There are 2 protein chains.
Amino acid sequence: MSAIDPVRPEAGSPKRQLILDAAAILFTAHGYGAVSMDAIARSAGVSKATLYAHFGSKDQLFATIITEACHAMFDWPGAMSADGADLRTALIALGQRVLRFFLEDGTLALYRVVVAESARFPELGRAFYESGPATGRRLLGAWLAEQAGAGRLRVPDPPLAAEQFVALLRAGLYFRATLGVPPAPTQAEIDTTVAAAVDIFLAAYAHPRAG
Amino acid sequence: MSAIDPVRPEAGSPKRQLILDAAAILFTAHGYGAVSMDAIARSAGVSKATLYAHFGSKDQLFATIITEACHAMFDWPGAMSADGADLRTALIALGQRVLRFFLEDGTLALYRVVVAESARFPELGRAFYESGPATGRRLLGAWLAEQAGAGRLRVPDPPLAAEQFVALLRAGLYFRATLGVPPAPTQAEIDTTVAAAVDIFLAAYAHPRAG
DNA sequence: GTCTATAGAAGGATAGAC
DNA sequence: GTCTATCCTTCTATAGAC
């Protein structure tokens, strides 16, 4: 498997991992243009020549790092587990996890970099979209279809409903957080946003026969 | 008025306007880091020294341009006019205008630049947030409150409902467009998204007594 | 105010020794 | 593979003439 994957360094080179770690931190924190190869080499504790021996160019290193980060960042199965309790409680818990994940520093930082550079590195946009929104829509859509099958929801288009639920979670706080406009979101605001999203979602999609 | 505003060049210098126009196009198209002062000077047809005579530094020029663009880009009063017809028709027309505006090349390009540089230029994030999301929420919230006053809606929190309506418009297409992931949104997709947003919005907020 | 020319610094990438 | 030292380009910003 590792013989095919062009990214994995045969898991053998320790310096390579140092470079990957340092570059990931710097690139996500400051963006492509603001990070020099000198800074990465310094931060990783290696020479620039070593850096170029592992990755042919700054573009290549950047694309490798960010693409990998997009695949690694999202943990949808964890966020999508919502069983047991009644539907509203399950949706609240699920919305809390998803929205809090959206608002994490690391998530926002990666999103900013990908948005900024998606024009010059189209593969970044694709990797983020597939790992994030597309996968989330699939998993949440499947869960909603399941609930519909159990008679708790009436959802004609599960993927669309999934998109709408997640979009409602982004109402209010998300732009402020993405643009770095103070004040930082509070837990109370998160609670309010999630509750409002669940309310409107259930008003539209709750099965009439269920509560 | 123009004596107070630090941005306006007393409307006197023709070269200054050339610089502003050229810089606006280049910065929004390629971002801060990828645009050099040489390129701006060349594109504006002036020398670099002239450029520095009008704007003290690249940072200053960039912040001026982008802040101005944020204020100028949004034309909410136009987008928010929705009178006459019945509520659903009005919301559909309003949603169409807003979503199409979101998906315009210029809007997306400006958003990408602001997201990318909001960490290093906090005033950009603030300017965009105030001119865009905050103003839109105020205007649409007022319109919704008006509709509620006329008995066509039941909206306990108009600004929140406004945020939710706009968030629903961003479901589906918006990430794809922001990240530049093909295929480009079609008019049919826009129609579907807007209709779905209006449906769920009215299911939650339509007054029971109105149709 | 506007130009030409250039200073001075920083960045990406490589040569050559080990 | 890894280092040191360096090349070459590009960039921001300025000096000085007009």
Side-chain angles (χ1 to χ4, degrees), chain A residues 2-3 6-66 113 116-117 119-121 124, chain B residues 2-3 6-66 113 116-117 119-121 124:
Chain A
S2 68
V7 166
R8 283 274 161 259
E10 324 302 333
S13 173
K15 302 240 169 185
R16 188 186 177 103
Q17 195 58 47
L18 288 176
I19 295 171
L20 286 167
D21 293 344
I25 292 173
L26 290 172
F27 276 136
T28 51
H30 306 109
Y32 178 85
V35 174
S36 70
M37 294 296 257
D38 275 291
I40 296 171
R42 206 178 317 126
S43 173
V46 304
S47 76
K48 246 193 316 183
T50 301
L51 207 158
Y52 277 95
H54 284 275
F55 306 92
S57 68
K58 187 184 177 183
D59 281 19
Q60 207 172 322
L61 175 58
F62 178 73
T64 302
I65 293 280
I66 303 298
V113 174
E117 303 299 335
R120 277 203 304 158
F121 300 89
L124 297 192
Chain B
S2 68
V7 167
R8 281 276 159 259
E10 321 305 334
S13 171
K15 300 240 170 185
R16 187 185 177 102
Q17 195 57 47
L18 288 176
I19 295 171
L20 286 168
D21 293 345
I25 292 174
L26 289 172
F27 275 138
T28 53
H30 305 108
Y32 178 86
V35 174
S36 70
M37 294 296 256
D38 275 290
I40 296 171
R42 206 178 317 127
S43 174
V46 304
S47 76
K48 248 195 312 185
T50 301
L51 206 158
Y52 277 95
H54 283 275
F55 306 91
S57 69
K58 185 184 177 184
D59 280 19
Q60 207 171 321
L61 175 58
F62 178 73
T64 301
I65 293 282
I66 303 297
V113 174
E117 304 299 335
R120 279 203 301 160
F121 301 89
L124 297 192

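Note that this is a predicted model, so its numbers are computed, not measured. A note on names: the letters A, B, ... follow the listed sequences, proteins ahead of strands, and every chain is numbered from 1. Side chains are part of it too, since the values below use all heavy atoms of this structure and drop only hydrogens, waters and symmetry mates.
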Subject >> Whichever of R42(A) and A49(A) has its nearest DNA chain C nucleotide further upstream toward 5' >> reply: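 So the residue in question is R42(A).
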Subject >> 5'-most by nearest nucleotide on DNA chain C - G45(B) or V35(A) >> reply: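 The residue mapped nearer the 5' terminus is G45(B).
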Write down the distance between [atom1] ([X]) and [atom2] ([N]), rounded to a whole number of angstrom.
X      : N       : atom1 : atom2 : answer
K48(A) : dT2(D)  : NZ    : P     : 17 Å
Q17(A) : dT2(D)  : CD    : P     : 13 Å
L26(A) : dG12(C) : CG    : P     : 12 Å
L51(B) : dG1(C)  : CG    : P     : 14 Å
F62(B) : dT12(D) : CZ    : P     : 13 Å
Y32(B) : dC11(D) : OH    : C1'   : 11 Å
R16(B) : dT2(C)  : CZ    : P     : 11 Å
D59(A) : dG12(C) : CG    : C1'   : 10 Å

Original post:
So what does S36(B) touch, heavy atoms closer than 4.0 Å: a base, only the sugar-phosphate, or nothing?
Top reply: sugar-phosphate
Return the nearest nucleotide to the side chain of [X]; candidates are [options].
X      : options                  : answer
Y52(B) : dG12(C), dT4(C), dT14(D) : dT14(D)
K15(A) : dC3(C), dT12(D), dT2(D)  : dT2(D)
A53(A) : dG12(C), dT2(D), dC3(C)  : dT2(D)
S57(B) : dG1(D), dC3(D), dA13(D)  : dA13(D)
D38(A) : dT4(D), dT14(D), dG12(C) : dG12(C)

Between [X] and [Y], is any pair of side-chain heavy atoms under 4.5 Å apart?
X      : Y      : answer
L61(A) : K58(A) : no
F62(A) : V35(A) : no
S43(B) : L26(B) : yes
Q60(A) : Y52(A) : no
I40(B) : V46(B) : no

Original post:
Side-chain N or O of T50(B) less than 4.0 angstrom from OP1 or OP2 on dG1(C)?
Top reply: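 It does not, given that no N or O in the side chain of T50(B) lies less than 4.0 Å from OP1 or OP2 of dG1(C).
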